[in-house]
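Chain A is the first sequence line, chain B the second, and so forth, proteins listed ahead of strands; every chain is numbered from 1. Hydrogens, waters and symmetry mates are skipped; everything else that's a heavy atom, side chains included, is used.
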Amino acid sequence: MKQYLKNTWDGIWTVLIGMKITFKHLFTPAVTIQYPDVKVPLPERVRNRLYVNIDDCIGCDQCSRACPVSCIEIETTKAIPGEDLGTTSNGKKKALWVTKFNIDIAKCCYCQLCVFPCPTECIYMTDVYEFAEYERENLVYKFSALTETEAVEKKANFEKFQAEKEAQKAAAAAKPKEEQKPVN
Amino acid sequence: MYQYFYELLGSEILATLITAAVPLVNVLLAALIGVYLERKVSAHMQDRLGPMRTGWHGIFQTVADFIKMLQKEDAVSTEVDKKLYNLAPVLVFTGSFAAYAVIPFSSKVIGTEAEVGIFYLLAISSLVVAGILMAGWSSNNKYSLLGAMRSASQIISYEIPTAIVVLSMVMYTGTLSLDKMSQMQTAYFWNWNILGGAEFGFAKFLLIPFMIVGFIIIYISTLAEVNRTPFDIPEAESELVAGYFTEYCGMKWAMFMLSEYGNMFAVSGLVTILFFGGYQSPLGYFGDAIGVHWMIPFEQVFWFIAKGWFFVFVQMWLRWTLPRLRVDQLMSLCWKYLIPYAFVNLIIIGIITLL
Amino acid sequence: MALKTETMVLNMGPQHPSTHGVLRLELELEGELIKKVIPHIGYLHRCFEKHAEAMQYNQVIPYTDRMDYLASMYNNFGYVIAVEKLMGIEVPERVQYIRLIMGELQRIASHLVALGTYGLDIGAFTPFLYLFRDREKILSLFEMTCGARLLYNYMWVGGLSHDIHPDFQRLTKEFINYFKPTIVELDSLLSYNKIFIERTANIGILPVDTAINYGVTGPMLRGSGIKFDLRRNDPYSIYNRFDFDIPVGKGLVGTVGDCWDRYYVRVREMEESLKILEQAIDNIPEGDVQSAIPKRIKPPKGTVYSRVETPRGELGYFIISDGSTNPFRVKVRAPSFVNLEVLGELCKGHLVADVIAILGSVDIVLGEVDR
Amino acid sequence: MGLLDKEFSDGNIVIAKVDDLFNWARLSSIWQLGFGLACCAIEMMATSASHYDFDRFGVIPRNTPRQADAIIISGTVTLKMALRIKRLYEQMPDPKYIISMGSCANCGGPYWEHGYHVLKGVDRVIPVDVYVPGCPPRPEALLEGLLKLQEKIRNESLRKKSA
């Protein structure tokens, strides 16, 4: 009987305590951030969409190798002599045309492993997170500064150059006693 | 109300229609406002904001929900028992709508001044059980079936404490008419039944604690009858997915929702009438004071609706505070706690009334 | 004349609100009484161990994040400790301290989700949101430090990806002070609520010997009354320097080893974590967090087993190295997986609603169960 | 599709206005199927929690597909789960929308290369409306995906598209 009354009392009392707490919260201001109208500034280290500053990229492929999910696709073509690609902002000389630098953001796992090995610090994570798309193809980001035709042209150039070199080599092999010019 | 409109319009059909339309509008409004209020109350209790982007503070949210549900496809599984499946939401809605026939919103606005109003109210609200059972059975879904079975046992069990408390109040007031009960608790809050009724004397003060106990019992058991947390076992979201309406979509589901919110207001109204003076104002009538007597019914409507919504708010408040009981605990709460207390209370109130 | 009756087979999940992800339970019911529970797993099998074979040692770390996604920091922690043990790397003091602080913050965050969803399973929606509100504060600390909210890839072999933010210590202390009242509030809102007690006390009692036979660890084992915590019993990192209690189930409102005890052990563990944080946060020594990171991670041939106490129990990594840059084999002893096995034992003779309560108190993370 | 969709072949002012009303209703009450798969589900829960509050947009989780309008695929879809997802999708009444949340749902994510057991993108089994990138996406990113979806719904019409 005593237990019976205690149960009744406990039931009512704990419910009232709970109600007191929720009632208190009814009048505490909400913590909600009203997203599209209010955007909180993100911390500086925030990891969102990858960005490649292609001007600084030397096409060393390190980020692609560091990526655990292989979402970075890089194709490069050697520059032929006479083409000046300029230098990166930290003074490295560029020697490769980056004909293709695609990041499939849909595959990316935002682990930041690609950022650290980059010798020119040209690949980094930005604070852009609003990039939802209707089509998945749009999530493949193409960073290469060269257009398709330019890329084809550079490739062709290099192949031509290669072929010439081969031809020269062949010629040199045919005429072995000729004075040997350093190739390139 | 019928008489009033009949005299006004002279047409039986029109008068009937209007008399029926008033509760219907009330049910619809109760659902619309109820859902919105539910979302807002829950949101603010949880340090959130709730709907914000449809109109000012999301005030049209339920309107949007409603229009959306109107245009949803009526997806019906091929395995359902078509007749029962389609009939169930109608029946549930009828049960909750018909209850409004006897609820006095004021001394003038009342569907029918039935002498056995409270008896009718208890009887008609049991219709919901049939609808729920039909819904659960015909859906051909095990979760629905479990929900329906739980619901049937729950609602039928909780009718008993409700009925006992109602009985004690009937004994005390000596009438079955809801309108008369309201009239007896004349204006000013110290005349309400919760504070011992309008008769001033020793018995009044003796009654107060037992009235409070009665109020708590009937509030808990009506809460269970309308399937609200902590008694929302038939639709227990974390166990039974959505209970008996798991397979319903679009407007058919909306009818269940309508009836739930309609019922919420109806049982709040019942509690108000039994214990909190029905449509009577707590502080006297403004119309009386300035001598404009036609204003009084409007004031009464205001007070009734305000009191009703207050109890609906408390239902929500409880819902967002408490966890859910288990099905056997629900039964033991009813049979082991509420019914004994209700009986003891009945006897004591009876004795005090006789004194 | 006896009526012919049949048992009902109820399929719960993979899409069910309270199976904590995509667990599928096959329940054999008699009315609402459970006769048998058969968990089906594999709906989130992501082949972590296969991936680990194809990756370099440091590339595995993002995948460990995704195993127990509620306690990513701790999964990183376990993995890097294992690799460091394999390579014999001594990490700087500062790194040890920061790892420990992150680990304990993560423990609180993980328990917040566990307790919140447990309340949700029982039917209380509001505590869930209160706890998530506070978890958000921890996540912002993590985000400030390493830039990610959920999957951090923060601990590296031999060091950390970033040093802590200059504000980190101040904000953590603020958080500790802010968080203490929340536990009190949770106690009065949920833990000692009569309905909650009714739902969880004396439900799913796990006796000590069953727990040990099944190899259950973590709060589940401690809920049964055994004081076993790897932080104390097999100290790793620098846990032996700190003073903290190991809460065990005492059967305050029911029997020792019931759901309420398991729940309450988690609540108390958050308090203990706060205690550790308070001791550690002011004593972070100066130093470089990346000084011990090896240029190339190429462990010698050999095997290693290393275990840590994650919020869910003993997480063990067994690594076989063949001397190359990729691990030859990584086997994970996942606490959730082992704890889940005992479910069938716990559910016998209970009702459908109790299965939810029991499953919630086991606190599984499907990413870890299926790996 | 819904009740009246694609019933009309020529437009007029009435249909245009009804279009607007219906689209408004649809976009402001997208009820989501409460359904979590993996890591992203935690961020989805965080989005419905107090700080970001999905309810502001009228999004509430419904546990049964019959009452849901949108399904957020939040996490890795394994081949075993793909069948279930397809079935859930089929159980939802029209009009229904899909948000693919996170890398795993978009295209297999970190598991696309070696994951013998992972579906490489949920769009191989069900038509996706919006892809939200991230691993996992921030709650704001998911909200932005939702806004994109609302934008898409706003441009729907009851009219048949002329061939």
Quick one: which of C/Leu190, C/Leu120, C/Asp121 gives a side chain to side chain contact (heavy atoms under 4.5 Å, CB included) with B/Pro323?
C/Leu190
Kindly check if the number of other-residue, nucleotide or ligand heavy atoms within 6.0 Å of [atom1] ([X]) is above 12?
{"X": "B/Tyr341", "atom1": "OH", "answer": "yes"}
{"X": "B/Phe60", "atom1": "CZ", "answer": "no"}
{"X": "C/Phe142", "atom1": "CZ", "answer": "yes"}
{"X": "B/Phe310", "atom1": "CZ", "answer": "no"}
{"X": "C/Lys173", "atom1": "NZ", "answer": "yes"}
{"X": "C/Glu30", "atom1": "CD", "answer": "no"}

Non-hydrogen side-chain atoms of [X] and [Y] separated by less than 4.5 Å:
{"X": "B/Thr321", "Y": "C/Leu189", "value": "yes"}
{"X": "B/Leu322", "Y": "C/Phe196", "value": "no"}
{"X": "C/Leu129", "Y": "B/Asp47", "value": "no"}
{"X": "B/Met45", "Y": "C/Phe125", "value": "no"}
{"X": "C/Met8", "Y": "B/Leu146", "value": "yes"}

Pick one of side chain, backbone, both or neither for [X], based on which atoms fall under 4.5 Å of a heavy atom in chain B.
{"X": "C/Tyr130", "result": "side chain"}
{"X": "C/Ile356", "result": "side chain"}
{"X": "C/Leu359", "result": "neither"}

Verify, without hydrogens or angle tests, whether [X] (side chain) and [Y] (backbone) share a donor-acceptor contact under 3.5 angstrom.
{"X": "C/Thr126", "Y": "B/Trp320", "result": "yes"}
{"X": "B/Gln329", "Y": "C/Glu198", "result": "yes"}
{"X": "C/Arg199", "Y": "B/Arg324", "result": "yes"}

Nearest 0.5 Å, please: how far is CG in B/Leu333 from NZ in C/Lys194?
11.0 Å
Distance from C/Ile195 atom CD1 to B/Arg326 atom CZ, nearest 0.5 Å?
12.5 Å
Indicate the atoms forming the closest heavy-atom contact of B/Tyr143 with C/Leu10, along with that distance.
CE2-CD2, 4.0 Å
